[in-house]
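The next block holds one structure in the form of structure tokens; read it before the comments.
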Amino acid sequence: MSTGSAITVKEEIRRAALEAGFEVAGFAAPDYGAVSSAGLAAFLADGRAGTMDWLAREPLKRGDPMALWPEVRTILVLAANYGPARDPRTLLEDRKRGAISAYAQGDDYHELMKKRAKRLARALAERHGTAVKVFVDTAPVMEKPAAMRAGLGWQGKHTNLVSRGFGSWLFLAEIFLALELPPDAPEADHCGSCTSCIEICPTGAITQPYRIDARACISYLTIEHKGPIPHRFRAALGNRIFGCDDCLAVCPWNKYAKACVEPAFLPRPDLTAPRLAELAMLDDAGFRAMFRKTAVKRIGRNRFVRNVALALGNSGGGAEALETVRHLLGDASPLVRGAAVWAVWRLMPKAAFAALAAERLQAEEEPEVRAEWESGLAAPAAAA
């Protein structure tokens, strides 16, 4: 294929991608893995991945797109905007409501992006006679380095992708093409001296520019972490019950971002500011019904209600919050009961907590839950 014809094909594909509903499309050569692989290796070696063991699987394929699929010659990186209509941090002031990360307030973007990308990939395969593979965060593809090499943005100091046109609010997908096309120019880093994302992190998870410790990240703790959330991070959770948008929302490049208007990616009204007391009452069937088709569903009811219980403990008190967490003390899940113990300790005077602990410890057989009661008894009073 001549250079001129390759450029024509490339622009035809870009136009088809935009017509398919993607806001941005860029092209990268499949040779970006070396530096990114070294960074991932250090991340894993330091233990900063926490329990995300899947990141260590198939390191060769994760670091080298051609090891993942030897036929790939070009990576088409696609992006869709999910920019929120308002700053997600405003909800953090309403402690009676739960803050769900903006990306998870609508239908699961993985499914939405995959459907669009597969339709586009089929059309490209037919039109250009090329083999294709589609990926949407479902295989060892290092998406953000690919997006940077394709000119869609750069990895900011919070390690997430930042776009000059869409801020920090882009969903990504990739189509691997067995078709050699000229790559786009990589995007440069435009963070400059700004450290806003580092300074705002509630738990100090961004330990230095471009370096994050997932074990301290609220998104990791509320989504990936399966056990009790460590005590030292619980107060910092505030009312965040699924993910955290602080480092994304504070980025100055968001002043150029556009609010999402695409119906498929818009948030559901019932997930933008749900009441914690109502969420805490969800049983498994209620949880699955409420979060059907969303990304939230994948963590399961018990992990989710664990997060809700901790948020109620941070809610500042009130009869409804205390009544709700006392109800959760009898939950079938030890994970939920343990979080409820901490919440009760936060909401009750020390003497009242001690009396309740004496009653509950007689019947509690789960060691982790007993440890929560004992920790509360040994700690200074948390409530007035």
Side-chain angles (χ1 to χ4, degrees), residues 50-52 88-89 91-105 108 201-203 205 214-247 267-268 270-284 286-292 294-317 320-347 368-369 372 375 382:
T51 57
M52 294 186 290
R89 293 172 295 167
L91 187 60
L92 301 180
E93 301 168 7
D94 189 349
R95 291 300 181 96
K96 299 294 190 289
R97 297 184 179 273
I100 295 173
S101 186
Y103 86 88
Q105 291 178 14
D108 192 341
C201 180
T203 57
R215 295 168 297 182
C217 175
I218 290 177
S219 288
Y220 166 80
L221 292 168
T222 57
I223 299 173
E224 302 291 347
H225 185 65
K226 296 179 181 178
I229 291 176
H231 280 246
R232 65 185 182 277
F233 299 126
R234 293 179 181 181
L237 295 180
N239 61 342
R240 302 171 185 85
I241 56 174
F242 189 90
C244 177
D245 287 327
D246 291 30
C247 65
R268 281 173 30 188
D270 61 327
L271 300 188
T272 56
R275 295 185 68 251
L276 291 170
E278 295 176 4
L279 296 174
M281 295 297 102
L282 291 172
D283 59 12
D284 187 62
F287 171 81
R288 285 187 281 110
M290 181 171 185
F291 293 104
R292 187 175 68 91
T294 74
V296 179
K297 72 180 184 302
R298 72 184 180 90
I299 70 170
R301 179 263 178 189
N302 293 343
R303 240 190 291 178
F304 182 75
V305 178
R306 169 203 64 184
N307 300 340
V308 172
L310 297 178
L312 282 164
N314 291 326
S315 66
E320 183 181 42
L322 182 55
E323 180 183 354
T324 303
V325 293
R326 287 194 63 156
H327 173 79
L328 292 177
L329 293 174
D331 197 87
S333 166
L335 185 64
V336 172
R337 292 201 306 278
V341 171
W342 183 84
V344 166
W345 169 74
R346 291 272 288 180
L347 298 174
E368 284 188 345
V369 183
E372 292 285 356
S375 176

Subject >> side-chain hydrogen bond (donor to acceptor under 3.5 Å, both in side chains): pairs with one or both residues in residues 229-244, sequence neighbours excluded >> reply: His231-Arg234, His231-Glu372, Arg234-Glu372, Arg240-Asp246

**OP:** Measure the spacing between CG of Leu310 and OG1 of Thr222 and express it to the nearest 0.5 Å.
**Re:** 10.0 Å

Subject >> Partners passing side chain to side chain donor-acceptor pair (under 3.5 Å) against Asn302 (at least two apart in sequence or in another chain) >> reply: none

Subject >> Set of residues satisfying salt bridge (charged side-chain N to carboxylate O under 4.0 Å, His left out) with respect to Asp284, sequence neighbours excluded >> reply: Arg288

**OP:** Determine yes or no for a side-chain-to-main-chain donor-acceptor pair under 3.5 angstrom, with Arg337 supplying the side chain and Gly330 the backbone.
**Re:** no

Subject >> Residues that Ser101 engages under side chain to side chain donor-acceptor pair (under 3.5 Å), provided they are two or more places apart >> reply: Asp245

Original post:
Can you name the residues that form a side chain to side chain contact (heavy atoms under 4.5 Å, CB included) with Ala280, not counting sequence neighbours?
Top reply: Val308, Leu312, Thr324, Leu328

Subject >> Ala99 versus Leu92, closest heavy-atom pair with distance >> reply: CB-CD2, 4.0 Å

Subject >> Contact check, side chains of Arg275 and Glu320, non-hydrogen atoms, under 4.5 Å >> reply: yes

Original post:
Got a sec, which pairs hit salt bridge (Lys or Arg N to Asp or Glu O under 4.0 Å) with one end in residues 323-335, sequence neighbours left out?
Top reply: Arg301-Asp331

**OP:** Could you tell me which non-hydrogen atom of Ala309 sits nearest to which non-hydrogen atom of Ala343, and how far apart they are?
**Re:** O-CB, 3.3 Å

Subject >> Those residues that, when tested against Ala289, pass side chain to side chain contact (heavy atoms under 4.5 Å, CB included) (two or more places apart) >> reply: none

Original post:
Where do Arg298 and Ile223 come nearest, in terms of heavy atoms and distance?
Top reply: NH2-CG2, 3.3 Å

Original post:
Quick one: does Thr203's side chain have a donor or acceptor within less than 3.5 Å of a partner on Phe233's backbone?
Top reply: no

Original post:
Of all heavy-atom pairs between Ala311 and Ile241, which one has the smallest distance, and what is that distance?
Top reply: CB-CG2, 3.8 Å

**OP:** Enter the distance from Arg303:CZ to His225:NE2 here, rounded to the nearest 0.5 Å.
**Re:** 9.5 Å

Original post:
What's the shortest heavy-atom distance between Leu221 and Pro230, and which atoms?
Top reply: CD2-CD, 4.0 Å

**OP:** Please name the pair of heavy atoms, one in Ala332 and one in Pro334, separated by the smallest distance, quoted to 0.1 Å.
**Re:** O-CD, 3.4 Å

**OP:** Please identify each residue that fulfils side chain to side chain donor-acceptor pair (under 3.5 Å) with Glu368, with sequence neighbours left out.
**Re:** none

Subject >> Approximate separation, where rounding is to 0.5 Å, of Trp345 CH2 and Ser375 OG >> reply: 7.0 Å

Original post:
Taking atom CZ of Arg292 and atom OG1 of Thr294, what is their separation to the nearest 0.5 Å?
Top reply: 10.0 Å

Subject >> Arg97 (side chain) donor-acceptor with Ala273 (main chain) under 3.5 angstrom >> reply: yes

**OP:** Start with the C-alpha distance between Val305 and Leu279, add both sets of side-chain angles, then the distance that settles side chain to side chain contact (heavy atoms under 4.5 Å, CB included), and finish with yes or no.
**Re:** CA-CA 7 Å; Val305 178; Leu279 296 174; over 6 Å; no

**OP:** Apply side chain to side chain contact (heavy atoms under 4.5 Å, CB included) to Thr272 and list each qualifying residue two or more places apart in sequence or on a separate chain.
**Re:** Gln105, Pro267

Original post:
With sequence neighbours excluded, what pairs up with Arg268 under the side chain to side chain donor-acceptor pair (under 3.5 Å) test?
Top reply: Asp270

**OP:** Can you sort out the partners of Ala104 under side chain to side chain contact (heavy atoms under 4.5 Å, CB included), two or more places apart, ordered by chain and number?
**Re:** Ile100, Phe242, Ala295, Val296

**OP:** If a pair satisfies side-chain hydrogen bond (donor to acceptor under 3.5 Å, both in side chains) and one of its residues is in residues 307-317, list it, with sequence neighbours excluded.
**Re:** Asn314-Arg346

Subject >> Steps toward side chain to side chain contact (heavy atoms under 4.5 Å, CB included) verdict (Leu271, Met290) >> reply: CA-CA 9 Å; Leu271 300 188; Met290 181 171 185; 3.8 Å; yes

